[in-house]
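Lettering follows sequence order; numbering is per chain, from 1.
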There are 2 protein chains.
Amino acid sequence: MRIGELAARTDTPRRLLRYYEEQGLIVANRLPNGYRDYDDAYVDRVLQIRGLLDAGLPTRIIKQILPCLNKPRQIHFDDALPETLALLASERDKMTARISCLTRNRDAISEYLEIVSRTPASTTG
Amino acid sequence: MRIGELAARTDTPRRLLRYYEEQGLIVANRLPNGYRDYDDAYVDRVLQIRGLLDAGLPTRIIKQILPCLNKPRQIHFDDALPETLALLASERDKMTARISCLTRNRDAISEYLEIVSRTPASTTG
DNA sequence: TTTGACCTTCACATCGATGTGAGGGTTTCA
DNA sequence: TGAAACCCTCACATCGATGTGAAGGTCAAA
């Protein structure tokens with residue numbers, strides 16, 4: 001598919017798809033006329049990138065962790081340099097911290113909403 | 001405590017503490033000489049703000065959800081406007097989405113690291 | 001009383017993610 | 001052939017979070 005379809009299917013501006021490519025997060029084949037050509041798998045990949053960006057990870061980090069995500073059973077040992085492994089472990093820990101922070105605060109919001117919804121409405125304000 | 005101590009105890013640049021105040025996330029008392037004066041409770045509050053920022057929430061949203069986090073049992077009905085409740089519910093859902101995205105990817109990283117760590121090192125590279 | 005370590009406000013700079021549009025080529029369809 | 005809807009690169013703009021420093025006030029200790 002071309003960039004317009006990928007943009008539509010991932011609800012992502014074309015501008016950002018080109019930006020992600022510039023940052024090395026995705027690579028596009030080129031049609032004879034120079035247009036970008038994407039495999040269906042890029043839909044999930046782009047959604048994953050957007051999810052991670054939305055969760056606070058910068059493209060620089062996403063680029064490092066993406067290679068190990070979809071092929072955990074088929075390891076490229078080129079990626080398994082000690083520095084890379086240390087970075088992965090560090091990012092895993094940061095993600096755990098984010099998860100607990102988000103969980104804690106989300107649960108507090110839920111509790112708040114729960115209480116409010118159980119409280120009878122006041123007509124006087 | 002003054003801003004320097006709060007900065008040290010939260011590992012946060014003073015600049016950012018002033019920025020959070022400018023954004024309405026925290027409010028500082030003032031000493032007679034104009035210096036900011038913080039209660040001990042601000043340590044946790046600032047850490048919470050930083051955690052949420054790191055998890056992708058903008059200050060504008062943090063400002064909206066903070067009031068309901070630490071007093072879920074003592075509701076200010078001023079805060080409980082229908083629009084506010086809708087925003088809270090929406091943000092709660094976004095946080096749930098972030099949590100599942102982070103969990104999924106973190107677990108993939110863990111699995112990758114697990115496999116790598118079980119693989120005997122090669123001496124030839 | 002001066003030095004140093006605080007604090008104040010203000011303002012400009014940077015950085016990453018994103019918006020916007022110019023200028024131009026390609027393909028399709030009427 | 002020409003209009004519409006794609007695509008390309010390039011570049012400047014914006015926005016939020018953060019860095020940095022100037023210019024100056026306060027306070028404690030030598």
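- Both B/I109 and A/L87 are part of a single hydrophobic cluster, where members link through side-chain heavy atoms under 4.5 Å apart.
- The CD1 atom of A/I61 sits 13 Å away from the C1' atom of C/dG16 (whole-angstrom rounding).
- Summarising the geometry, atom CD1 belonging to B/I49 is positioned 11.0 Å from atom CG belonging to B/D44; distances are rounded to the nearest 0.5 Å.
- The listed nucleotides are D/dA17, C/dA17, D/dC8; the one nearest the side chain of A/R36 is D/dC8.
- For the pair B/Y20 and D/dT18, the criterion of a side-chain N or O lying under 4.0 Å from OP1 or OP2 is met.
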Practice prompt. With side-chain contact (heavy atoms from CB on, under 4.5 Å) as the test, would you mind laying out the steps for A/R106 and A/T103 before giving the verdict?
Written response: CA-CA 5 Å; A/R106 181 205 51 179; A/T103 302; 3.9 Å; yes
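- Within the model, atoms CG of B/L52 and CD of B/E91 stand 10.5 Å from one another, a figure rounded to the nearest 0.5 Å.
- The side chain of B/L53 sits closest to D/dA17 out of D/dA17, D/dT9, C/dA17.
- Where A/R15 and A/R18 meet DNA chain D, the nucleotide closest to each residue was compared, and A/R18 sits on the side nearer the 5' end.
- Across all strands, A/I3 comes closer than 4.0 Å only to sugar-phosphate atoms, never to a base (heavy-atom distances).
- Distance, B/Y19 OH to C/dT9 P: 17 Å, rounded to whole Å.
- Proximity of B/R14 to the phosphate of D/dT18: no side-chain N or O atom is located under 4.0 Å from OP1 or OP2.
- With rounding to whole Å, B/L16 atom CG is found 12 Å from D/dT20 atom C1'.
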Fill in: Heavy-atom protein contacts under 4.0 Å, nucleotides 23-30 of chain D, coded B base, S sugar-phosphate only, - none
--BBS---
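- One interatomic measurement links the two molecules: CD of A/Q23 to P of C/dG16, which rounds to 8 Å at whole-angstrom precision.
- Dashed line: the shortest gap from a side-chain N or O of A/R30 to OP1 or OP2 of C/dT26 is not under 4.0 Å.
- A/R45 places a side-chain N or O within 3.5 Å of a backbone atom of A/L25 that can act as its donor or acceptor partner.
- Within 6.0 Å of CG on B/N33 lie more than 12 heavy atoms contributed by other residues, nucleotides or ligands.
- Taking side-chain N and O atoms only, B/T59 has no distance below 4.0 Å to OP1 or OP2 of D/dG16.
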